[in-house]
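Note sheet for the following structure.
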Amino acid sequence: TVGYRLGKGETMEEIRESMTEVAEGVFTAKSLHSLTQELGLSDEMPICEQVYEVIWNAKSVSQAVGELMDRTPGEELDHIVNLTPHSPHK
């Protein structure tokens with residue numbers, strides 16, 4: 001519900017004010033952000049970083065998606081680019 005409402009353009013503050021339930025993902029995003037910062041992995045987890053920015057720093061969803069789409073792919077695509085056909089029976 002939180003993600004849907006963010007996507008529709010509501011701010012996190014508006015959502016929090018109207019919620020009667022705990023949205024666990026909101027606090028998970030904050031914990032994950034803290035952990036990735038502590039371990040120096042925030043550059044390796046761009047989606048998690050953008051989710052944190054949208055929820056906790058009021059970044060617009062469209063800006064977050066735009067930044068994800070504009071970024072240079074990292075190691076996450078290496079296995080696709082370097083994929084070579086092989087037979088498991090060799």
Side-chain angles (χ1 to χ4, degrees):
T1 302
V2 171
Y4 176 79
R5 291 175 67 182
L6 285 168
K8 297 287 277 182
E10 289 184 67
T11 67
M12 196 60 219
E13 184 177 333
E14 292 169 331
I15 295 168
R16 272 194 226 120
E17 288 173 358
S18 68
M19 288 191 68
T20 58
E21 305 165 352
V22 174
E24 294 176 9
V26 170
F27 298 106
T28 301
K30 190 172 192 175
S31 296
L32 183 58
H33 173 75
S34 295
L35 185 60
T36 59
Q37 292 293 311
E38 182 180 318
L39 298 174
L41 297 174
S42 59
D43 289 342
E44 302 297 321
M45 302 185 69
I47 296 171
C48 297
E49 193 64 24
Q50 292 299 332
V51 167
Y52 172 83
E53 291 294 323
V54 168
I55 293 172
W56 293 100
N57 291 330
K59 180 182 276 189
S60 73
V61 172
S62 59
Q63 181 181 354
V65 170
E67 289 178 22
L68 287 169
M69 297 303 290
D70 288 343
R71 70 182 279 279
T72 303
E75 293 179 17
E76 68 269 15
L77 293 183
D78 286 352
H79 71 284
I80 295 171
V81 173
N82 296 324
L83 191 63
T84 55
H86 68 281
S87 169
H89 303 290
K90 283 187 176 179

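Computed from a predicted model, the values in this text were never measured in an experiment.
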- CG (Asp43) with more than 12 external heavy atoms under 6.0 Å: no
- Task: Just jot down the side chain to side chain contact (heavy atoms under 4.5 Å, CB included) partners of Leu35, sequence neighbours excluded, or say none.
- Result: Leu39
- Message: According to side chain to side chain contact (heavy atoms under 4.5 Å, CB included), who are the partners of Ser62, at least two apart in sequence or on a separate chain?
- Response: Ser60
Using distance only, find each side-chain donor-acceptor pair of residues 3-10 under 3.5 Å and give its atom names and separation, not counting sequence neighbours.
unit_1 : atom_1 : unit_2 : atom_2 : d
Arg5   : NE     : Glu10  : OE1    : 3.3
Arg5   : NE     : Glu10  : OE2    : 3.0
Arg5   : NH1    : Ser18  : OG     : 3.2
Arg5   : NH2    : Glu10  : OE1    : 2.8
Arg5   : NH2    : Ser18  : OG     : 2.6

- Listed partners of Glu17 passing side chain to side chain contact (heavy atoms under 4.5 Å, CB included), at least two apart: Glu13
- Message: When you group the ILVMFWY residues by side-chain heavy-atom contacts below 4.5 Å and let the links chain together, are Leu68 and Met45 in the same group?
- Response: no
- Query: Is there side-chain contact between Met12 and Val2, with heavy atoms separated by less than 4.5 Å?
  - Reply: yes
- Item | Straight-line distance of Ile55 CD1 to Gln50 CD, nearest 0.5 Å | 11.5 Å
- Test item: Glu44 side-chain N/O and Leu41 main-chain N/O as donor-acceptor pair under 3.5 Å: no
- Query: Restricting to pairs with a member in residues 57-68, which pass salt bridge (charged side-chain N to carboxylate O under 4.0 Å, His left out), not counting sequence neighbours?
  - Reply: Lys59-Glu67
Donor-acceptor pairs are to be reported for all side-chain atoms of residues 23-32 against protein atoms at under 3.5 Å, with residues two or more places apart or in another chain.
unit_1 : atom_1 : unit_2 : atom_2 : d
Thr28  : OG1    : Glu24  : O      : 3.0
Ser31  : OG     : Phe27  : O      : 3.2

- Can you measure from OG (Ser42) to NE2 (His33) and round to the nearest 0.5 angstrom? 7.5 Å
